[in-house]
Amino acid sequence: MIFAAFDGIWLFWHLPVLIVIISLVYSATRYDPWGAILAESVRWVLRMTAFLGGIGVFLYLLATFIVPST
């Protein structure tokens with residue numbers, strides 16, 4: 001099967017959209033001017049991406065090196 005490597009990736013196509021929407025809504029509840037909302041939203045996108053990416057890297061390393069498959 002040619003697409004076997006991409007079998008589970010379709011589950012995560014909505015993740016970037018959710019990160020942007022959540023950061024915009026959170027920023028809009030704290031600030032009124034659009035400039036401040038967008039600046040805070042960019043900061044939240046970077047924070048959430050780094051946090052979720054760190055969790056992903058940790059789980060990958062855990063699955064690859066700590067708990068090797070038999």
Side-chain angles (χ1 to χ4, degrees):
M1 191 170 265
I2 209 164
F3 297 108
F6 302 108
D7 191 29
I9 292 179
W10 66 271
L11 292 172
F12 303 109
W13 68 270
H14 61 282
L15 188 60
V17 176
L18 284 175
I19 289 174
V20 169
I21 290 173
I22 289 169
S23 66
L24 278 171
V25 169
Y26 179 78
S27 300
T29 60
R30 304 194 71 178
Y31 299 101
D32 286 332
W34 276 101
I37 290 172
L38 294 177
E40 184 69 16
S41 178
V42 168
R43 284 192 287 267
W44 269 100
V45 165
L46 294 175
R47 288 181 204 142
M48 279 196 286
T49 303
F51 179 72
L52 293 173
I55 290 173
V57 168
F58 173 74
L59 291 175
Y60 173 76
L61 293 174
L62 184 69
T64 303
F65 298 113
I66 308 299
V67 184
S69 60
T70 57

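Under the 4.5 Å side-chain heavy-atom criterion for ILVMFWY residues, a single connected hydrophobic cluster contains both I22 and V45. A chain of hydrophobic side-chain contacts below 4.5 Å, direct or via other Ile, Leu, Val, Met, Phe, Trp or Tyr residues, connects F51 to L59.
Contacts classified as salt bridge (charged side-chain N to carboxylate O under 4.0 Å, His left out) and involving residues 12-37 (residues at least two apart or in different chains) are not found. Within the structure, the side-chain hydrogen bond (donor to acceptor under 3.5 Å, both in side chains) test picks out no pair touching residues 46-60 (sequence neighbours left out). Screening residues 53-66 for salt bridge (charged side-chain N to carboxylate O under 4.0 Å, His left out) gives no qualifying pairs among residues at least two apart or on separate chains.
In this structure, the separation between CZ on F58 and CG on L61 is 8.5 Å, given to the nearest 0.5 Å.
Applying the side chain to side chain contact (heavy atoms under 4.5 Å, CB included) criterion to L52, with sequence neighbours excluded, gives L15, I19. Residues forming a ring-ring contact (aromatic ring centres under 6.0 Å, His included) with Y26 (at least two apart in sequence, or on another chain): W44. Scored by the side-chain hydrogen bond (donor to acceptor under 3.5 Å, both in side chains) test, R43 finds E40 as partners (sequence neighbours excluded). The side chain to side chain contact (heavy atoms under 4.5 Å, CB included) test applied to L18 returns H14, not counting sequence neighbours. With sequence neighbours excluded, the residues satisfying side-chain hydrogen bond (donor to acceptor under 3.5 Å, both in side chains) with S41 are S23.
Looking only at side-chain heavy atoms (C-beta outward), L38 and L24 come within less than 4.5 Å of each other.
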